[in-house]
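Only heavy atoms go into these numbers, but all of them, side chains included; no hydrogens, no water, no symmetry mates. Chain identifiers are assigned alphabetically (A, B, ...) following the order of the sequence lines, protein sequences preceding nucleic acid strands; residue numbering begins at 1 within each chain.
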Amino acid sequence: MAEAGLSIPEWMRKKPIDAGVSRNGRRRRTSVVERTISGLSEALRSSIFSERIAARPGLLQRIDPRIKILGFLTLLIAIGLIHSPFILLGLYAGTVLLAAMSRISPGYFVKRVWLFIPLFTGVIVLPSLFNIIRPGDPLVTLWDFGRDVHLGPWLLGDSLAVTRQGATGAVIFVLRVAASVSLAVLLTLSTRWPDLLKALRVFHVPRVFVLIISMTYRYIFLLLGLATDMFTARRSRLAGVSTPREDRRFVTGSMGALLGKSQALGEEVYAAMVSRGYSGEPRTLNRFSLAGRDLVFAACVAILAVAVIGGDRIIG
Amino acid sequence: MAENNQVGGPAIGEGNAVYEVSSVSYSYEETGALDDVTFEVKAGESLALLGANGSGKSTLLKMMNALIFPSSGSVRAFGEELSEESLQDEGFSLAFRRRVGFVFQNSDAQLFSPSVWEEIAFGPLHLELEPGEVEERVEATVHILGLEHLRDRPPFHLSSGEKKKVALASVLAISPEVLLLDEPTAGLDPKTAGFLARLTVQLAAAGKTVITATQDLALAKEVAGRAIVLGEDHRTAGDGPAARILGNRELLLSANLIHDHPHSHAGMEHYHPHSHLEEHHHGDEH
Ligand SMILES: Nc1ncnc2c1ncn2[C@@H]1O[C@H](COP(=O)(O)OP(=O)(O)O)[C@@H](O)[C@H]1O
Ligand SMILES: [Mg+2]
């Protein structure tokens, strides 16, 4: 489209005011928002869906995905039935041991899991600690009102305290979540993504549902990838330091563009999959086949589930 | 890759119409993308689809791959109309996907598997080939495109030339009779572009029907026997032997495929039509 009259305006011809490359000692820091987005993208990639970990020759990696799903499901149900914090703690420790045996660094694994736990537990657990929400024997009194306090028709009591019942309940709940999240993370870390999807189909999880999971997975990566790119592009245009406020405004301002972009790309990815025969039925070259170790694993899981549930009944 | 998938549809012989595109129009919400386009493609033909940015090339290819369907008019492939309804038939859809392969303009959209190897295996697997054959085909395709060293790498982090090769490999492994290529050389270095052009020529020589959307006139000249020009009004502006179309400066100029642009020669500026198709020389006329 080279127009005959195209001419470069005067200001574009001038050199930048300070054309020299010099340092002024001030550091351009990467902002919180920027770090959060690329951190989130990296964390998701490496902690939940790391193909590298799934390819390591560890214990869980060698178990048939179907057995793994069934076994972990059994353990999840057991965890839901158990009330003893000691047994729950033991189970949680067991998941860390499993991680180690599957060549997942325990430190890394524990850190990753606890990153997610506040997300699931915080809102639910916090209020139930206090006597004004859930009455019980005070463990630590935070504030003595000196008299009964009413909030409208409700009697709040004469003090604000953390109760023994509340604290025990919270510990049990957090341990339950920790053990469950650990199992879920172990499953996704130790199983290649296509195999996991295919195993879900074996259990007659509806095709549409598997399709949605599979597209969500790709979509999250597209979205995070695009977000990282947009920040990089912006940084290259920014000379100085951007304030957190500017960062936030950039994020809210570009959210629409980002969603639009990632949606368009997501649709294109889906079209490309359909073009090569995808119809919602995941297929892999791995023909699932049960080996001796799968049966041993299944037996261990069954025995463990019975033992912990029975033990819990005896203790409690 | 010589052996083909003879599933469904009439046998294709030299000269049979693979595609019949009749008065097809298409618009995205408000934007028009194709307007009353009609042409036929015969089996074994190598066709270049020329047009400036936004003229509707990608839209047309997506329609020929039954990913979108005409707003009006019809597209028939192998004698069967492409419609949402016909593609819902599992038998037809499987046969169609085996017979037609599409290399997208945007490799990032096309590469979604955890590793190069799985990316290439995706098509054959989902088109229900035997596991042994899938492996054979993937190995062969990896070899043809020289991707051995990338087998286990995730495709997202490759260079754009490597991505394009993997995208092409992922389609070639299906061994389709018809190849739809959307700007296969755009943004590639000359060496990779040249490699892809030669490969395209060989595929055409091997009897594949190749339809290449491009603005790269040198590529069109090299790979296509016939060319169709889409104008900026989204209509067919020309259709004929590639040599004739590519020699028609008037046509190429009006479709914005070549441009007048200024050159400076020893302080003198002048304009002349310029295609980058052949090197142009300025003799002593100035
Ligand atoms: N997904 C879409 N949504 C809306 N408009 C689109 C979309 N894809 C393409 N278009 C528009 O349709 C027209 C034709 O686009 P396209 O087929 O991509 O052309 P080409 O491939 O020749 O560059 C353009 O005006 C483009 O802006
Ligand atoms: Mg295009």
Judged by atom type as modelled, is there a donor-acceptor pair below 3.5 Å linking the side chain of Arg276(A) to the main-chain atoms of Gln110(B)? yes
Can you tell me which of Glu90(B), Lys62(B), Glu119(B) forms the most heavy-atom pairs within a distance under 4.5 Å of chain A?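 Looking at each of Glu90(B), Lys62(B), Glu119(B) in turn, Glu119(B) comes out on top.
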Non-hydrogen atoms of [X] and [Y] that approach each other most closely:
{"X": "Phe104(B)", "Y": "Glu268(A)", "result": "CD2-OE2, 3.8 Å"}
{"X": "Val269(A)", "Y": "Asp108(B)", "result": "CG2-O, 4.5 Å"}
{"X": "Ala109(B)", "Y": "Ala272(A)", "result": "O-CB, 3.7 Å"}
{"X": "Asn65(B)", "Y": "Ser275(A)", "result": "OD1-OG, 2.6 Å"}
{"X": "Gly277(A)", "Y": "Leu127(B)", "result": "CA-CD2, 3.6 Å"}

Does CD in Glu148(B) sit with more than 12 non-hydrogen atoms of other residues, nucleotides or ligands closer than 6.0 Å?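 Yes - once you tally the heavy atoms of other residues, nucleotides and ligands closer than 6.0 Å, there are more than 12.
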With a sphere of 6.0 Å drawn around NE2 of His204(A), does it hold more than 12 non-hydrogen atoms of other residues, nucleotides or ligands? no
Heavy-atom contact with chain A under 4.5 Å, split by part of [X]:
{"X": "Gln88(B)", "answer": "neither"}
{"X": "Ser170(B)", "answer": "both"}
{"X": "Leu125(B)", "answer": "both"}

